Amino acid sequence: MTEPKSAFLKTVTERGFVHQCTDTDALDAALSEISNGGTPKICYIGFDCTADSLHVGSLLPIMLLRWFQKSGHKPIVLMGGGTTKVGDPSGKDEARQLITDEKIAANKASIQGIFEKFLTFGDGPTDAIMVDNADWLDKIEYIPFLRDYGRHFSVNRMLGFESVKLRLEREQPLSFLEFNYMILQAYDFTELFRRHGCILQMGGSDQWGNIINGVELGRRVDSAQLYGLTSPLITTASGAKMGKTADGAVWLNADRVSAYDYWQFWRNTADADVGRFLRLFTDLPLDEISRLEALQDAEINEAKKILANAATAMCHGADAATEAEKTAAETFEQGQSAAGLPTVDIPATEFADGIAAFALFARAGLATSNGDARRLIRGGGARVNDAQLKDENALVAADAADADGVIKLSAGKKRHMLVRLG
């Protein structure tokens with residue numbers, strides 16, 4: 001394709017968001033109409049309600065919606081209240097555990113607030129809106145739906161999609177329920193086109209087959225000119241999946257991962273990933289990013305702090321980002337026990353006879369099990385109040401707490417926890 005003319009495609013191409021697009025030139029022309037007085041275009045991305053928080057892996061599609069809006073267009077956040085009842089087989093090795101309607105509703109309520117931190121919602125022409133596909137999927141009548149829409153899908157072709165093919169090649173069961181997911185997602189696109197004039201669906205690269213189905217269904221049943229765009233799978237320079245740490249997923253909700261731990265996740269970015277992550281996960285100008293990623297040796301740490309501040313401010317607010325940076329400086333640069341660290345409360349009565357060090361580290365979440373805690377201590381990576389632990393069975397008593405009733409635990413150089421005696 002030629003160099004994009006529309007602000008949106010130009011921006012997301014330069015910043016590394018684009019993996020595939022169904023008809024880039026035609027989409028670019030449609031999005032460029034706004035510069036000549038045309039109306040804003042409408043896009044959507046779907047988010048299923050499988051957990052009570054989104055994680056860092058969802059940031060890429062959220063940032064796509066953010067740039068779409070910043071480019072003068074209107075984004076739709078589609079909550080998967082209906083599709084979550086089925087389960088998307090894309091990228092999965094096995095069937096997703098089905099959850100109750102009540103749990104789906106609770107998850108939906110919990111994750112909705114995340115989007116308000118990245119998008120502007122309202123009734124204006126470019127304001128984001130949030131809809132739920134349960135509004136139409138829950139009302140589908142099976143036989144009429146099969147007659148009207150099922151006939152447009154070739155099973156032969158569906159078997160060739162990567163998400164289906166991988167499961168079958170590995171001889172892993174693919175239920176008929178899951179097999180229907182791609183039809184339902186395609187129908188979502190048709191409904192959003194009819195209800196809101198939505199012409200673009202975006203998502204991760206694992207959604208390419210589902211998106212193609214939606215584009216083609218719209219063409220067949222409504223003669224609609226629809227488009228699809230996917231972003232690449234993001235891995236770190238080491239090849240690891242983005243957003244996964246030794247402690248598990250990096251969640252976006254503060255009650256799952258504190259602002260401080262979120263800041264630390266970005267601060268610990270590998271040198272080779274700093275520039276790429278600044279382009280994808282912040283709004284910083286590209287010339288400033290080029291300057292930052294060119295920094296060498298110890299200076300690259302300043303770029304990491306800027307990344308951590310920008311990413312944390314976007315998700316948790318500017319005040320939380322500032323506090324996290326301050327806490328990190330006090331903890332690492334000045335060696336103090338900072339009050340902003342993650343905290344776990346343990347009754348003071350449990351310290352009467354002392355708690356075995358390995359058990360305390362496991363309970364505080366700095367180890368995944370007692371065995372893991374023992375190995376951490378044996379390897380010299382555990383400290384209590386900045387003093388190295390040498391005996392995994394050593395008892396930590398109440399007198400280890402400071403005047404505020406707090407004990408500082410450290411696992412390695414970058415993971416810390418405060419134990420508050422209640």
Side-chain angles (χ1 to χ4, degrees), residues 19-23 43-50 57-58 61 76-99 104 131-195 198-222 224 226-233:
H19 180 59
Q20 294 166 298
C21 187
T22 54
D23 189 339
C43 81
Y44 93 93
I45 298 179
F47 299 85
D48 279 347
C49 311
T50 53
S58 298
I76 295 176
V77 176
L78 179 66
M79 304 302 292
T83 42
T84 305
K85 299 172 185 176
V86 175
D88 185 1
S90 302
K92 306 290 188 301
D93 289 336
E94 57 186 22
R96 192 155 64 186
Q97 186 72 36
L98 297 180
I99 55 181
I104 290 172
V131 297
D132 188 340
N133 60 19
D135 291 346
W136 53 84
L137 294 182
D138 282 357
K139 300 172 184 175
I140 284 176
E141 294 181 343
Y142 188 58
I143 298 301
F145 183 77
L146 287 181
R147 284 175 59 87
D148 293 342
Y149 301 100
R151 61 192 177 92
H152 294 292
F153 292 84
S154 163
V155 171
N156 306 62
R157 188 169 183 219
M158 291 164 76
L159 290 172
F161 284 125
E162 199 69 17
S163 59
V164 175
K165 192 164 59 175
L166 286 176
R167 288 276 285 275
L168 296 179
E169 286 176 353
R170 296 170 182 169
E171 297 184 355
Q172 294 159 334
L174 179 71
S175 72
F176 182 68
L177 178 69
E178 293 176 283
F179 198 62
N180 277 272
Y181 187 95
M182 61 183 73
I183 300 178
L184 297 178
Q185 183 171 327
Y187 182 65
D188 282 345
F189 203 172
T190 297
E191 279 288 336
L192 290 172
F193 170 73
R194 292 172 177 173
R195 293 173 181 235
C198 179
I199 65 164
L200 171 64
Q201 180 185 175
M202 298 188 290
S205 58
D206 62 335
Q207 295 297 311
W208 180 245
N210 293 340
I211 292 174
I212 290 291
N213 278 332
V215 169
E216 294 187 352
L217 182 64
R219 175 177 56 81
R220 288 172 178 159
V221 301
D222 289 335
L226 304 180
Y227 305 93
L229 183 149
T230 63
S231 55
L233 173 67

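No experiment lies behind these values; they were computed from the predicted model shown.
- Between the CD1 atom in Ile140 and the CD1 atom in Ile183 there is a gap of 10.0 Å [rounded to 0.5 Å].
- Under the 4.5 Å side-chain criterion, counting only non-hydrogen atoms from C-beta, Asp206 is not in contact with Leu233.
- You'll find the side chain of Tyr181 reaches within 4.5 Å of the side chain of Asp48, heavy atoms only.
- Here the side chain of Asp132 pairs a donor or acceptor atom with the backbone of Ala134 at under 3.5 angstrom.
- With hydrogens and angles disregarded, no donor-acceptor distance shorter than 3.5 Å links the side chain of Arg147 to the backbone of Ile143.
- The distance from the CG atom of Leu137 to the OH atom of Tyr187 is 7.5 Å, given to the nearest 0.5 Å.
- Here the side chain of Asn133 pairs a donor or acceptor atom with the backbone of Gly82 at under 3.5 angstrom.
- Nearest heavy atoms, Gly81 versus Cys49: N-SG, 4.2 Å.
- When all heavy atoms are compared, the tightest approach of Val215 to Leu226 is CG1-O, 3.5 Å.
- The CZ atom of Arg195 sits 5.5 Å away from atom CH2 of Trp136, with the distance rounded to the nearest 0.5 Å.
- A search for side-chain contact (heavy atoms from CB on, under 4.5 Å) contacts involving Tyr44 returns Ile76, Leu78, Gln185, Asp188, Phe189, Leu192, Cys198, Gln201, not counting sequence neighbours.
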> Taking it one step at a time, do Phe193 and Val221 satisfy side-chain contact (heavy atoms from CB on, under 4.5 Å)?
Replying inline: CA-CA 11 Å; Phe193 170 73; Val221 301; over 6 Å; no
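- Trp208 contributes atom CH2, which lies 8.0 Å from atom CG of Leu229 (distance to the nearest 0.5 angstrom).
- Put simply, CG on Leu184 and NZ on Lys85 are 11.5 Å apart, with the number rounded to the nearest 0.5 Å.
- In this structure, the separation between OG1 on Thr84 and CE on Met79 is 8.0 Å, given to the nearest 0.5 Å.
- The shortest heavy-atom contact between Ser205 and His19 is CB-CD2, 3.6 Å.
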